[in-house]
Chemist: 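Got a structure for you, questions after.
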Amino acid sequence: MTAQIIDGKQVASQMRAELKTEVAELKKENIVPGLGVILVGEDPASQSYVTAKERACENIGIYSDDNRLSADITQKELLALIDKMNNDPKINGILVQLPLPDHINESEILLAISPEKDVDGFHPTNIGKMVAGQKAFLPCTPHGIIQLLQRSGVKIEGAEVVIVGRSNIVGKPIANMLIQKAPTGNATVTVCHTRTKNLAEHTKRADIIIAAAGRPNTITADMVKDGVVIIDVGVNRVDDTTKKKGYRLAGDVDFEAVKEKASLITPVPGGVGPMTITMLLYNTVESAKIAAGK
Ligand code: L34
């Protein structure tokens, strides 16, 4: 079997077109969704993700407030900026791009963001609500994955899903979302990680594999069954002297070999990444609607 490619770019652009129409409607009532963006330091990958997020905001009519801060900013200065954004009615969502420098206490920063403006869904209040099955801002990458599965016609209910990776951003939240008693849940979920004894034993059983380990070739063809659905969350920069930039992007999955066994597979780039950005836009528009009493 040769897999059909799940085109994340195409799904993302369709959702963004829908959001753009919605934002235009809101503007007629003088409601302009606003996103406060904070990037600390000069990590090239983070810079490119944040630039892409701001460009996407502009394209659909969301106002964005860009804050690029030096890596040596203090915890106190960062907290003061978040406090200002918490109290700014033009700002409906606050994005603090991760990772933060080592001297910054990340959990204290995430806790300082008002849960009502926590469009990344990283605040403990929103995590707790999500786990309890209550309405909350859902984290963007997992939410984007669910959109891709649904819009590709993949049946989640009853599926054996194996997640590889247990990060706060992807592995832990997607596991929780997929076990919810809800149309986008009802899956049987296994979470594997660096201490899992026999990874292949688990992945071979999977109807759906979500690879979020952050390491190329974590999933190879011998580790999957025929017809598996593959969601590749990895965005790894692999040295490649034949490329102008000196690197190429690779996911966590051996794409060329695994696509010959899978039924559906997301590419890297052009799979999950564009959906992460789209769900941030979605949450920001939702937040603006809630703030306006809609
Ligand atoms: N606060 N920090 C916060 N929120 C997030 O949702 C993120 N994440 C992750 C890292 N830190 C964060 C992102 O924004 C990962 N991430 C992210 C966003 C977009 C893309 C990848 C990761 C993306 O657009 N990837 C493109 C390729 C980009 C490139 O050329 O380098 C893709 O097609 O996969």
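Counting convention: from 1, in listed order, for ligands and their atoms alike.
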Chemist: Please check: side-chain N/O of K261 versus main-chain N/O of A221, any donor-acceptor pairing under 3.5 Å?
Modeler: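 Looks like yes, one N/O pair under 3.5 Å.
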Chemist: Between the side chain of N126 and the main-chain N/O of P115, is any donor-acceptor distance below 3.5 Å?
Modeler: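 Yes.
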Chemist: Could you check S107 against N105 for side-chain hydrogen bond (donor to acceptor under 3.5 Å, both in side chains), going step by step and ending with a plain yes or no?
Modeler: CA-CA 6 Å; S107 48; N105 179 338; 3.2 Å; yes
Chemist: Please list all pairs meeting side chain to side chain donor-acceptor pair (under 3.5 Å) that have one or both residues in residues 223-234, counting only residues at least two apart or in different chains.
Modeler: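 Listed by first then second residue: D207-K225.
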Chemist: Can you tell me how far OG1 of T284 sits from CG of L95, rounded to the nearest 0.5 angstrom?
Modeler: 8.5 Å
Chemist: Under the 3.5 angstrom rule, does the side chain of N176 hit a backbone N or O of V131 as a donor-acceptor pair?
Modeler: no
Chemist: In a simple table, one pair per line, please give the protein and ligand 1 atom names for every N or O pair closer than 3.5 Å, along with the distance.
Modeler:
residue, atom, partner, partner atom, Å
ligand 1, 1 (N), V96, O, 2.8
ligand 1, 1 (N), D120, OD2, 2.8
ligand 1, 2 (N), L98, N, 3.0
ligand 1, 4 (N), D120, OD1, 3.1
ligand 1, 4 (N), D120, OD2, 3.2
ligand 1, 11 (N), Q97, NE2, 3.2
ligand 1, 11 (N), L98, O, 2.9
ligand 1, 14 (O), K53, NZ, 2.7
ligand 1, 33 (O), G270, N, 2.7

